[in-house]
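The sequence lines fix the lettering, A, B, ..., with proteins before strands; numbering per chain opens at 1.
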Amino acid sequence: MPPRSIWNGTIAFGLVAVPVKVYSATESHTIHFREVHAKDGSKIEHRRINPKTGKAVDYKDIVKGYELSKGKWVELTDDEIAAAAGGQSRRIDVDHFVPADEIAPEFYERTYYLGAQDKGRDAYALLHAALDRSGRAGVGHWVFHNRERTVVLRPVDDVLLLHTMRFAADLVDPSDLELGRVQRKPSDREIKMASSLVDGLHTKFSPSDYSDTYRDAVMEVIKRKASGKNIEPPADEEPEAADDLLAALEASLANA
Amino acid sequence: MARSLWSGSLSFGLVNVPVALFSGVKDTDLHFRQLSAKNHVPVEIHRFCAEEDEEVPYDEIANGFETDDDDLVILTDAELATAAPRKTRTIDIEAFVDLDDVDPTYYDHPYVLMPAGEAEGTLRAYRLLLEVMERTERAALGRFVLRTKEYLALIRARDDRLVLTTMLWHDEVRPAKDVPTPGKKDKPAKKEIDGAVALIDALSCPWDPSRYEDRYQKRLRKIVRDKSKGKTIEVPEEEKQPSPVPDLMAALEETLAEIKSG
């Protein structure tokens with residue numbers, strides 16, 4: 001089944017316009033449950049309750065509000081909130097280019113595929129070929145779902161990828177988390193041994209080498225429950241921190 | 001200090017480091033609440049049994065799964081938790097990889113991994129892993145369960161801390177084969193690629209994330225401010241879309257000329 005595009009628009013690369021369709025490149029395979037009443041499995045409904053009256057409030061009697069100060073609300077309509085998108089722009093201006101390998105993993109949020117539209121396929125092919133040859137990624141802004149995001153365009157195989165990016169201001173600076181000092185630093189010998197452990201486990205990343213075993217385990221529990229079997233919680237193991245780092249490293253290397 | 005989302009053990013061979021996981025993102029967004037239109041009181045969400053029309057306390061709620069035969073299987077949280085006995089508490093390092101080999105499409109959510117507690121043994125083991133990863137410039141791959149999902153996680157050294165990025169599983173990345181791409185006949189001429197590469201070179205700069213700000217949130221804040229002062233909020237009109245140009249080479253040359261003059 002051909003995928004369905006979620007957005008149509010134009011990439012503006014200088015005066016070159018590249019008409020594109022956007023497709024989601026990812027999908028979740030998490031097993032989803034719905035909330036049920038434990039005793040008989042009946043459906044659970046979420047109802048909006050006014051805490052002052054204890055009564056349910058109909059959806060049509062709900063408005064969106066922002067709390068300016070305690071108890072003081074400003075009400076906004078959906079249209080007013082949508083106005084923050086700054087015009088429902090149907091274009092992504094790619095106005096500068098960066099070396100993709102300089103971008104840290106933290107910044108990548110979600111990934112989409114860019115498909116070519118029937119018109120302007122030559123422009124799509126040109127942008128793809130030029131990004132591929134230059135080894136650079138294009139940076140632009142994309143208004144989607146009432147949000148504006150910084151996006152990075154990258155060629156992979158025959159297709160252009162579009163990554164939405166997190167803003168630097170939204171990332172935690174790891175050094176803001178306080179790290180206790182050690183009395184004795186790891187010795188050269190410990191570092192050397194740990195490095196050989198790292199080397200021993202070094203491999204080329206291949207995503208298909210890893211699969212979600214938990215998903216299978218959840219399906220297994222569902223099947224056992226469905227056939228009326230008892231579900232016993234297994235004993236929990238709790239590993240302790242190794243007191244003797246050197247001994248643990250030696251034993252790990254001997255095992256490797 | 002922020003609250004940890006998970007704590008457990010990072011296990012590297014026979015070395016176990018008790019660790020705590022912290023979110024790697026801050027929520028700087030403006031949040032709206034649902035209010036009762038009548039008196040501007042924020043509503044609360046309560047759970048009701050649809051059959052009995054009665055409110056149900058949280059501990060009487062279970063997880064329902066509908067099978068392909070439309071049977072409902074009910075699992076309590078405790079029963080569901082049995083699917084992940086040990087791994088919920090341990091991140092086992094399975095391999096070390098080069099970051100350059102990882103397609104960014106797989107990156108999901110960032111976290112910071114800190115030692116749990118102040119014990120010398122814990123801090124030394126954490127410090128050892130940190131130094132080794134810094135030196136070898138490699139990232140560790142492991143898996144763990146957070147809430148009710150198992151993640152593949154990439155752990156590496158950054159700013160003198162260990163950071164963790166959860167990853168998508170390979171089957172959660174859709175194949176690109178059905179995405180429409182240009183065919184052979186759309187292949188650009190060498191001259192055109194040269195022109196486009198020259199344009200990219202002219203517009204190239206280092207990656208500097210600090211230059212991007214969330215303009216949407218900024219505008220949203222202004223809208224909230226304006227509205228609170230009783231101003232009318234104008235909804236901007238849709239911008240015009242540029243249309244494909246007939247002559248790519250001419251468009252490239254014109255753009256380059258504009259950059260040079262400008």
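- What you find for A:Trp73 and B:Pro42 is that their closest heavy atoms are CZ2-CG, 3.4 Å.
- For the pair A:Tyr113 (side chain) and B:Arg174 (backbone), a donor-acceptor distance under 3.5 Å is present.
- Options A:Val57, A:Val221, A:Ile62 differ in how many heavy-atom pairs under 4.5 Å they form with chain B, and the most are formed by A:Ile62.
- Proximity to chain B (any heavy atom under 4.5 Å) is shown, for A:Arg34, by both the backbone and the side chain.
- Using cut-offs of 30° and 60° for the angle between ring planes, the B:Tyr212 and A:His96 rings count as parallel.
- Taking both residues in full, the closest heavy atoms of B:Ile223 and A:Ala84 are given as CD1-N, 3.4 Å, listed atom of the first, atom of the second, then distance.
- Taking A:His32, A:Lys21, A:Arg154 one by one and counting their heavy-atom pairs under 4.5 Å with chain B, the maximum is reached by A:Arg154.
- Heavy-atom distances place both the backbone and the side chain of B:Val197 under 4.5 Å from chain A.
- If you check the side chains of A:Asp209 and B:His170, you find no donor sitting under 3.5 Å from an acceptor.
- Remark: the backbone N or O of A:Glu75 is paired with a side-chain donor or acceptor of B:Lys227 at under 3.5 angstrom.
- With a 4.5 angstrom heavy-atom cutoff, A:Arg166 touches chain B only via side-chain atoms.
- Per-residue counts of heavy-atom pairs under 4.5 Å with chain B were compared for A:Ala125, A:Pro174, A:Ala100; the largest is that of A:Pro174.
- In this structure, the portions of B:Val43 lying under 4.5 Å from any heavy atom of chain A include both its backbone and its side chain.
- Using a 4.5 Å cut-off between heavy atoms, A:Asp199 touches chain B through backbone and side chain atoms alike.
- Nearest heavy-atom pair across A:Arg47 and B:Phe48 is NH1-CD2, 3.3 Å.
- With a threshold of 4.5 angstrom between heavy atoms, B:Asp59 does not approach chain A through any atom at all.
- In B:Lys26, the NZ atom is crowded: over 12 heavy atoms of neighbouring residues, nucleotides or ligands sit closer than 6.0 Å.
- Comparing B:Ser228, B:Ser204, B:Ser243 by heavy-atom pairs within less than 4.5 Å of chain A, the highest count is held by B:Ser204.
- In this structure, the portion of A:Arg181 lying under 4.5 Å from any heavy atom of chain B is its backbone and not its side chain.
- At a 4.5 Å heavy-atom cutoff, the contact between B:Leu152 and chain A is made by side-chain atoms alone.
- In this structure, chain B has heavy atoms under 4.5 Å from both the backbone and the side chain of A:Val172.
- Your options are B:Arg127, B:Met133, B:Lys187, and the one with the most heavy-atom pairs under 4.5 Å with chain A is B:Arg127.
- For chain A, the nearby parts of B:Arg219 are the backbone and the side chain; heavy atoms of each come within less than 4.5 Å.
- Between B:Glu52 and A:Ser42 the shortest side-chain heavy-atom distance does not fall below 4.5 Å.
- For a residue to count as touching a neighbouring chain, one of its non-hydrogen atoms must lie under 4.5 Å from one of that chain's; by this rule B:Phe65 touches chain A with backbone and side chain alike.
- Residue contact with chain B, scored on non-hydrogen atoms closer than 4.5 Å, involves the backbone and the side chain of A:Glu106 alike.
- A donor atom on one side chain and an acceptor atom on the other are found under 3.5 Å apart for B:Glu150 and A:Thr213.
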> Under the side chain to side chain contact (heavy atoms under 4.5 Å, CB included) criterion, do A:Asp101 and B:Trp207 qualify, and how do the steps go?
Replying inline: CA-CA 9 Å; A:Asp101 56 8; B:Trp207 164 251; over 6 Å; no
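- Looking at A:Tyr23, only its side chain comes within 4.5 Å of chain B, counting heavy atoms on both sides.
- By number of non-hydrogen pairs under 4.5 angstrom with chain A, the leading residue of B:Asp71, B:Ile259, B:Asp98, B:Asp160 is B:Asp98.
- Looking at A:Glu67, neither its backbone nor its side chain comes within 4.5 Å of chain B, counting heavy atoms on both sides.
- In this structure, the portion of B:Leu168 lying under 4.5 Å from any heavy atom of chain A is its side chain and not its backbone.
- Side-chain atoms of B:Thr28 never come within 3.5 Å of backbone atoms of A:Asp170 as a donor-acceptor pair (strictly under, hydrogens ignored).
- Ion pair B:Arg47/A:Glu35 flagged as a salt bridge, since at least one NZ, NE, NH1 or NH2 atom sits closer than 4.0 Å to an Asp/Glu carboxylate oxygen.
- The part of B:Thr136 that comes within reach of chain A is its side chain, from C-beta onward, which places non-hydrogen atoms under 4.5 angstrom from that chain.
- With rounding to the nearest 0.5 Å, the separation of CZ in A:Phe33 from CG in B:Asn63 is 6.0 Å.
- In terms of heavy-atom pairs under 4.5 Å with chain B, the best-connected choice from A:His128, A:Lys52, A:Lys119, A:Lys204 is A:Lys204.
- Contact of A:Ala123 with chain B is made through backbone and side chain together, with heavy-atom distances under 4.5 Å.
- When heavy atoms are compared at a cutoff of 4.5 Å, B:Val41 approaches chain A solely by way of its side chain, counted from C-beta outward.
- Separation of atoms CE (B:Met114) and CG (A:Leu179) is listed at 4.5 Å; rounding is to 0.5 Å.
- The contact between B:Val56 and chain A is made entirely by side chain atoms (from C-beta outward), counting heavy-atom distances below 4.5 Å.
- When heavy atoms are compared at a cutoff of 4.5 Å, A:His141 approaches chain B solely by way of its side chain, counted from C-beta outward.
- For a residue to count as touching a neighbouring chain, one of its non-hydrogen atoms must lie under 4.5 Å from one of that chain's; by this rule B:Asp27 does not touch chain A.
- Contact annotation: the side chain of A:Val36 never approaches that of B:Ile61 to less than 4.5 Å [non-hydrogen atoms, C-beta and beyond].
- The existence of a salt bridge linking B:Arg158 and A:Asp173 is excluded, since no basic side-chain nitrogen approaches an acidic carboxylate oxygen closer than 4.0 Å.
- Of the two parts of A:Ile49, the backbone and the side chain both hold a non-hydrogen atom closer than 4.5 Å to a non-hydrogen atom of chain B.
- Under the 4.0 Å criterion applied to side-chain N and carboxylate O atoms, A:Lys39 and B:Glu60 are not assigned as salt-bridge partners.
- In this structure a side-chain-to-backbone donor-acceptor pair under 3.5 Å is present from B:Arg124 to A:Arg184.
- With a threshold of 4.5 angstrom between heavy atoms, B:Tyr126 approaches chain A through side-chain atoms but not through N, CA, C or O.
- For chain B, the nearby part of A:Ile31 is the side chain; its heavy atoms alone come within less than 4.5 Å.
- Heavy-atom distances place no part of B:Leu162 under 4.5 Å from chain A, backbone and side chain included.
- Using a 4.5 Å cut-off between heavy atoms, A:His37 touches chain B through backbone and side chain atoms alike.
- Looking only at distances, a side-chain donor or acceptor of B:Glu120 sits under 3.5 Å from a matching main-chain atom of A:Gln183.
- With a threshold of 4.5 angstrom between heavy atoms, A:Thr150 approaches chain B through side-chain atoms but not through N, CA, C or O.
- When heavy atoms are compared at a cutoff of 4.5 Å, B:Leu141 approaches chain A solely by way of its side chain, counted from C-beta outward.
- For B:Asp159 and A:Ser175, the side-chain atoms include no donor-acceptor pair closer than 3.5 Å.
- A salt bridge links B:Asp214 with A:Arg147: the distance from a Lys NZ or Arg NE/NH1/NH2 to an Asp or Glu carboxylate oxygen falls below 4.0 Å.
- A:His163 has its side chain within reach of B:Thr105: a pair of non-hydrogen atoms, C-beta onward, lies under 4.5 Å apart.
- Formation of a donor-acceptor pair under 3.5 Å by the A:Glu45 side chain with backbone atoms of B:Ala50 is not found in this model.
- Residues A:Leu76 and B:Phe32 are in side-chain contact: their nearest non-hydrogen atoms beyond the backbone lie under 4.5 Å apart.
- A salt bridge is absent between A:Glu178 and B:Arg161: the closest approach of a Lys/Arg side-chain nitrogen to an acidic carboxylate oxygen does not fall below 4.0 angstrom.
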